[in-house]
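See below for the structure under consideration.
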There are 2 protein chains.
Amino acid sequence: MSRDNKYDRLKLENQLCFPLYAASKEIVSRYKPALDELDLTYTQYLAMLVLWEHGTISVKDMGKLLYLDSGTLTPLLKKLEQKGYVERRRDSSDERVLNVSVTETGLGLREKALGVPDKIACTLELNSEERAFLCKILHKLLGE
Amino acid sequence: MSRDNKYDRLKLENQLCFPLYAASKEIVSRYKPALDELDLTYTQYLAMLVLWEHGTISVKDMGKLLYLDSGTLTPLLKKLEQKGYVERRRDSSDERVLNVSVTETGLGLREKALGVPDKIACTLELNSEERAFLCKILHKLLGE
DNA sequence: TCAGATTAGGTTGTATACAATTTAATCTTG
DNA sequence: CAAGATTAAATTGTATACAACCTAATCTGA
């Protein structure tokens, strides 16, 4: 057993941030095969989840839900528009606001996406108790 | 209480991946003020953690520890070299290998970094039990 | 009402991430 | 030993992220 060292706290293995960062990337990478079939990246998938649930939403509100700003969302939503999954239209009562809506094509994609969560879940070797606890702690970290 | 819907599993709130992704970004952002003082980004900080611990390490081995590939590490290490924190030198016994070493300046930075973990930890409202459990689950997700 | 403040998106610049490919060095095997 | 396989980095291309700034629209109060 090595003696305590003042530098121990700077060891990679003693960081909580690092496994969080690494696990997040790991999970995202597990989505790739399933999302490739939908022609979506992970972040685009998150945006589609929001749109499937809300139908129409402003860029600002989507940003609040996903913790993303316009610098990320603007180009991403333009790409989703190019793919034909969403429409972007200024709000008629407030031209500053851009409303994003799912198209018919985008709604069709929802059917194909139904199988995605299960495909990922089965690669995670966590039982339901662990999942619940992890979820609770993460939301606490997010200040919710 | 709304009736179960086949689309429920696609709701953002029912994804485990999302809070993981969001929490990871949140924690990284909390490092920013402390790391700005060291002139390091978060990923550069991770690289320095590895280097402080190992002194010298190949790009490949650093990549294994950090789950990063040469596409990310090569430009990052060149930046750390520009800042004077590391040296990059081909291995004399195998010219394919690039060894990265901390410089004196980089070692000096270690002293300034000693306070970083505590600055972050105190912003996380987790008790030690929660921290331990989170750590355990994350390592399980990482397959360790 | 109208000038200054605020707000919502968009743009620019920097820094990751990672897949796919390339290059040079080393290894392996007939 | 020499050709093909393998390996380690580097490079290229695409897609985030986010800070800082810009622009246009809207709001607010004297």
Side-chain angles (χ1 to χ4, degrees), chain A residues 17-18 21-33 35-36 38-48 56-83 86 88-100, chain B residues 17-18 21-33 35-36 38-48 56-83 86 88-100:
Chain A
C17 62
F18 175 64
Y21 155 90
S24 171
K25 288 196 305 169
E26 168 63 23
I27 304 302
V28 169
S29 77
R30 296 219 191 144
Y31 274 84
K32 192 164 190 310
L35 295 184
D36 278 349
L38 308 183
D39 188 27
L40 291 176
T41 64
Y42 179 72
T43 318
Q44 289 167 6
Y45 174 67
L46 293 182
M48 291 307 297
T56 295
I57 193 171
S58 69
V59 172
K60 181 193 170 189
D61 289 344
M62 180 182 283
K64 263 187 207 158
L65 290 173
L66 296 179
Y67 303 93
L68 292 172
D69 72 3
S70 67
T72 302
L73 287 177
T74 295
L76 183 147
L77 291 170
K78 284 182 178 173
K79 258 163 231 146
L80 289 177
E81 189 179 40
Q82 279 173 15
K83 295 182 207 266
V86 312
R88 299 163 67 249
R89 195 170 301 178
R90 289 284 163 184
D91 190 307
S92 54
S93 74
D94 185 343
E95 290 281 337
R96 289 173 304 184
V97 174
L98 187 90
N99 289 315
V100 185
Chain B
C17 61
F18 174 64
Y21 156 91
S24 171
K25 288 196 306 170
E26 169 64 22
I27 304 303
V28 169
S29 77
R30 296 219 190 143
Y31 275 84
K32 191 162 191 311
L35 295 185
D36 278 350
L38 307 183
D39 188 25
L40 290 176
T41 64
Y42 180 72
T43 318
Q44 289 167 7
Y45 174 66
L46 293 182
M48 291 307 297
T56 295
I57 193 171
S58 70
V59 172
K60 181 194 171 189
D61 289 343
M62 180 182 283
K64 262 188 209 157
L65 290 173
L66 297 179
Y67 303 93
L68 292 171
D69 71 3
S70 67
T72 302
L73 287 178
T74 295
L76 184 148
L77 292 169
K78 285 182 178 173
K79 257 162 233 145
L80 288 178
E81 189 179 40
Q82 279 173 15
K83 295 182 207 267
V86 312
R88 300 161 66 250
R89 194 171 301 179
R90 290 284 163 184
D91 190 304
S92 55
S93 73
D94 185 343
E95 290 282 337
R96 291 173 302 184
V97 174
L98 187 92
N99 290 315
V100 185

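Below, chain A is the first sequence line, B the second, and so on; all start at residue 1.
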Exercise. Taking protein heavy atoms under 4.0 Å as touching, what does nucleotides 5-17 of chain C look like 5' to 3' if B marks base contact, S marks sugar-phosphate-only contact and - marks none?
Worked result: --BSSBB---SSB
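Contact check for Tyr67(B) versus Phe18(A): side-chain heavy atoms found under the 4.5 Å cut-off. Side-chain contact check for Met48(B) versus Val86(B): some heavy-atom pair is nearer than 4.5 Å. With a 4.5 Å cut-off on side-chain heavy atoms, Thr41(B) and Lys79(B) do not count as touching.
Within a 6.0 Å radius of CZ in Arg90(B), more than 12 heavy atoms belonging to other residues, nucleotides or ligands are found.
A straight line from CD1 of Ile57(B) to P of dA9(D) spans 10 Å, rounded to a whole angstrom.
Remark on the helix from dT1(C)-dA30(D) to dG30(C)-dC1(D): inter-end axis angle 10°, axes from five-pair C1' superpositions, rounded to 10°.
Listed here is the closest heavy atom pair of Val97(A) and Ser58(A): CG1-CB, 3.7 Å. Among all heavy-atom pairs drawn from Leu46(A) and Tyr21(B), the shortest one is CD1-CE2, 3.5 Å. In plain terms, the two heavy atoms of Ser70(B) and Pro75(B) that are nearest each other are O-CD, 3.9 Å.
For Glu26(A), the side-chain contact (heavy atoms from CB on, under 4.5 Å) partners are Ser29(A), Arg30(A), Leu142(B), not counting sequence neighbours.
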